[in-house]
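Below, read A as the first sequence line, B as the second, and so on, with proteins coming before strands; counting in each chain starts at 1. The model shown is predicted, which means the values in this text are computed figures rather than measured ones.
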Protein chains: 2
Amino acid sequence: MEFDPDLEIRPASGSRVTTFTRGEDLFHAGEAGLAWRIRSGVVRLDRLGETGREFGGLALAGDVLGAETLLLGQYSFSARALTDVFIEPWASSPEAATPHMLLQALSSSKERQADSLALRSGTPEHRISQLLAVMGRGLAHGQRIARVVLPQLRDIAEMTGLTVETVSRTISRLNRSGSLELGGTLRAKQVSIDLQSSLLT
Amino acid sequence: MEFDPDLEIRPASGSRVTTFTRGEDLFHAGEAGLAWRIRSGVVRLDRLGETGREFGGLALAGDVLGAETLLLGQYSFSARALTDVFIEPWASSPEAATPHMLLQALSSSKERQADSLALRSGTPEHRISQLLAVMGRGLAHGQRIARVVLPQLRDIAEMTGLTVETVSRTISRLNRSGSLELGGTLRAKQVSIDLQSSLLT
DNA sequence: CGACGAGTTGAAGGCAGTCAATGCTTGTGG
DNA sequence: CCACAAGCATTGACTGCCTTCAACTCGTCG
């Protein structure tokens, strides 16, 4: 709906791809740089607020990062990789961006805005399921079961507006109740989720 | 920063302006229609979620509404006026939208995304002050004291993720403590806020 | 007048936050 | 190689705040 499922596997001609690993920063607010398009992965955006960095949005495969540099000459947000991320340059100049590209970016930006807000609605169970579902959609298109590498609990807590302790307790509870399946090492814990689970309704 | 302070008082040549009053719906998700630019006022966007309409974002003076119609042929969100609102047609076709216009829309969309998320962070006092501050910025540019017509408590509650009761209690408390000044009739209650108040830090 | 919607206020309970202690893993320096 | 520190996650106990449920007021409109 909001993006083409094939986008992240169809290479753009002659474009160079940059890679980031989970936890790495892609760029910081205030810096100058290019605009990027996410080939695959999930990125967290932060605005420098009064109390340090505060969550400012999500970006998934197909979304555009840092389009504001074409207008302002610098990034307005900091970007951090929640999963391993592949990005490619998007448009080097305002003229290089076609109306269609821009409209698509604008449209999916609004979708992502609603997604981000949903992370702060409802019970802790609902919020975390929502986050994992969004990340799953950004990683495994069309599949029913998605395997997601958990971000750090601190990241989850900041995005959902909960505390680390509550996040930890909630994930344990979801795991015990079978809504979730934990795997992987303790450092890079993986989660299998059912994207059609009743938790997301 | 994110929009020109003069935008809403400089009439575009030959464009027609449409008016909506507080509480009115501008359009609904799924309908076909134009893309609009807000001349003045504050608009709430909603996505149809599992449990009816759920808050999906804010839009202020200078922001673009319904740009996705140019791409998808229909609105993705419903729009409701939180204050009296004036809007004008923005771009009738994808070709009519210049890269500069689109980049500006994209940039402010991201700003607004962070603003919307801030409405769901922190204590009830902080959330409501944040909302009133954002609305004040959208109405009274550059002034220190802004006079804002309060949205319905139900709207405030849904946007901040609180209950109407908590919103009512919080506003009363802010009023008693002097952070806020209530005025106007009970139906269209007005609020004077100090945009540089310590509450917003 | 009576019904309805919107807002206010009170009382009680639940649930998330806070504080604290522990375990696990990784990295560092003796 | 071992001891130690630091970061992250987990678990427990307790407090406090927001939600929930309820009753009531006020204003508007039929």
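- The overall bend of the helix from C:dC1-D:dG30 to C:dG30-D:dC1, read as the angle between its terminal helix axes built from five base pairs each, is 30° when rounded to 10 degrees.
- Nucleotide D:dT19 holds its C1' atom 13 Å from the CZ atom of B:Arg127, rounded to whole Å.
- At a cut-off of 3.5 angstrom, the base of C:dG10 holds at least one donor-acceptor pair with the side chain of B:Arg169.
- Distance CG (A:Leu153) to P (D:dT11): 11 Å, rounded to an integer number of Å.
- Checked by atom type and distance alone, the side chain of A:Ser78 pairs as donor or acceptor with a backbone atom of A:Ala29 at under 3.5 Å.
- For the pair B:Phe77/A:Glu111, a side-chain contact is recorded, criterion being any heavy-atom separation below 4.5 Å from C-beta on.
- Between the CG atom of A:Asn175 and the P atom of D:dA9 there is a distance of 15 Å, rounded to whole Å.
- Checking A:Glu54, A:Arg120, A:Glu158 one by one against B:Ser121, the side-chain hydrogen bond (donor to acceptor under 3.5 Å, both in side chains) holds for a single residue, A:Arg120.
- At whole-Å resolution of the value, CD in A:Glu125 and C1' in C:dG14 are 14 Å apart.
- A donor-acceptor contact under 3.5 angstrom links the side chains of A:Gln113 and B:Ser116, judged on distance only.
- Between B:Arg80 and B:Asp25, at least one side-chain nitrogen of the basic residue sits less than 4.0 Å from a carboxylate oxygen of the acidic one, meeting the salt-bridge criterion.
- B:Thr123 comes within contact range of no nucleotide atom at all, as no heavy-atom separation falls under 4.0 Å.
- The interatomic distance linking A:Arg176 (CZ) with D:dT10 (P) rounds to 11 Å, in whole Å.
- Listed for the A:Thr83 side chain is a donor-acceptor partner under 3.5 Å among the backbone atoms of A:Val42.
- Under the ring pair (Phe, Tyr, Trp, His ring centres under 6.0 Å) criterion, B:Phe27 pairs with B:Tyr75, not counting sequence neighbours.
- Nucleotide C:dG7 holds its P atom 16 Å from the CG atom of B:Leu174, rounded to whole Å.
- Within residues 159-167 of chain B, the residues having any heavy atom under 4.0 Å from DNA chain C are, by residue number, B:Glu165.
- Regarding B:Glu158, its CD atom lies at a distance of 11 Å from the P atom of C:dA6, rounded to whole Å.
- Straight-line distance from the CD1 atom of B:Ile128 to the P atom of D:dC17: 16 Å, rounded to whole Å.
- Counting heavy-atom neighbours within 6.0 Å of A:Glu181 CD, excluding the residue itself, gives a total of 12 or less.
- Closest to the side chain of B:Ser168, out of C:dG7, D:dA9, D:dT11, is C:dG7.
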Before you tell me yes or no, could you show the steps for B:Ile171 and B:Leu150 under side chain to side chain contact (heavy atoms under 4.5 Å, CB included), namely the whole-Å CA-CA distance, both residues' side-chain angles and the distance that decides it to 0.1 Å?
CA-CA 10 Å; B:Ile171 291 180; B:Leu150 268 189; 4.0 Å; yes
